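Since this is a predicted model, take the numbers as computed values, not measurements.
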Amino acid sequence: MKHPGDPGTNEVGLQPVPDLGGRFLALLAEATYPCVGAKSALARGSIETHEFGALGDPGNDRAILDGLSRFVAMIEASACNEDIVHSYVALFSGPGDMSELRFESLMWAQLWRIHKLDILAGNPPADDVNSDSDSPLFSRVLPRFGGRFGKG
């Protein structure tokens, strides 16, 4: 499900990518795409795509957190089969040319700021989360959603 009106600021010079959500879903539908879980969610229509400005842009933080809140509330309120996997996909307009290290740096910075916003909203971190990024138990959690973002 595409949400083209999702807010988020853009870096100077970054142009919106036409139908980024549609292009992402088309990639999942390709015969060579290997993830069975993604293909299953796509076939059931349970993937929501949300388009934002540049990855790492603090202007995206509130919109991502609010979008996740609406997404979780929608799933919790629905009477649909609990065995169906639902996916909230945040797509970013750029930057398009970056190293893996830069991508990870921007992604973790974005997740950390969203995590802090969630804590400021009164949702404390889980007791079983280790914030030391060198720990094998490292993860970031959005407590309100039970979503974990970790290594491996």
Side-chain angles (χ1 to χ4, degrees), residues 1-121 123 125 129 133 138-152:
M1 185 178 320
K2 184 178 176 189
H3 294 267
D6 286 339
T9 60
N10 221 340
E11 289 181 358
V12 174
L14 267 181
Q15 298 300 317
V17 178
D19 196 22
L20 186 57
R23 290 176 50 205
F24 175 78
L25 295 174
L27 172 70
L28 299 184
E30 289 180 8
T32 57
Y33 193 80
C35 182
V36 176
K39 287 187 174 292
S40 175
L42 181 65
R44 289 185 166 94
S46 61
I47 298 175
E48 278 195 17
T49 62
H50 300 263
E51 298 177 26
F52 299 95
L55 177 63
D57 184 341
N60 296 323
D61 298 347
R62 174 57 59 192
I64 293 170
L65 187 59
D66 290 347
L68 285 167
S69 295
R70 286 188 301 274
F71 181 73
V72 169
M74 181 264 311
I75 291 170
E76 289 175 346
S78 74
C80 57
N81 186 340
E82 292 182 15
D83 293 336
I84 294 176
V85 174
H86 297 273
S87 297
Y88 178 98
V89 179
L91 300 166
F92 300 90
S93 63
D97 184 20
M98 68 180 129
S99 67
E100 183 176 350
L101 184 60
R102 179 72 177 138
F103 168 78
E104 287 186 5
S105 175
L106 291 171
M107 178 189 68
W108 285 112
Q110 190 98 59
L111 289 171
W112 177 245
R113 288 191 311 271
I114 294 167
H115 171 76
K116 289 193 312 186
L117 283 174
D118 199 37
I119 289 172
L120 288 172
N123 302 299
V129 172
S133 63
F138 168 75
S139 70
R140 295 276 185 246
V141 176
L142 296 178
R144 170 177 11 176
F145 312 118
R148 294 182 186 268
F149 308 94
K151 293 181 178 177

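Note that OG of Ser105 is 12.5 Å distant from CD of Glu100, once rounded to the nearest 0.5 Å. The CZ atom of Arg23 lies 10.0 Å from the CG atom of Leu91; values are rounded to the nearest 0.5 Å. Note: Leu42 CG to Ser87 OG = 10.0 Å, rounded to the nearest 0.5 Å. Note that CZ of Phe24 is 6.0 Å distant from CD1 of Ile47, once rounded to the nearest 0.5 Å.
Heavy-atom minimum distance, Ser93 versus Ala54: OG-N, 3.5 Å. For the residue pair His86 and Phe71, the shortest heavy atom distance occurs at CB-CZ, 3.7 Å. The two residues Ala63 and Phe52 make their nearest non-hydrogen contact at CB-CE2, 3.8 Å. Smallest separation of non-hydrogen atoms from Asp118 and Leu65: N-CD2, 3.9 Å. Shown here for Met98 and Leu106, the closest heavy-atom pair between the two residues is SD-CD1, 3.9 Å.
Remark: Asp66 does not engage Arg70 in a salt bridge, criterion side-chain N to carboxylate O under 4.0 Å.
More than 12 heavy atoms of other residues, nucleotides or ligands shown are found within 6.0 angstrom of CG on Leu120.
A distance-only check finds no donor-acceptor pair linking the side chain of Gln110 to the backbone of Leu55 [under 3.5 Å]. At distances below 3.5 Å, not a single donor-acceptor pair connects side-chain atoms of Arg102 with backbone N or O atoms of Asp97. Side-chain atoms of Lys39 come within 3.5 Å of backbone N or O of Glu30 as a donor-acceptor pair. Listed for the Thr49 side chain is no donor-acceptor partner under 3.5 Å among the backbone atoms of Val89.
Ile64 pairs with exactly one of Leu117, Leu111, Ile114 by the side-chain contact (heavy atoms from CB on, under 4.5 Å) rule, that one being Ile114.
Classified by interplanar angle (parallel below 30°, tilted 30° to 60°, perpendicular above 60°), the ring pair His50/Tyr88 is parallel.
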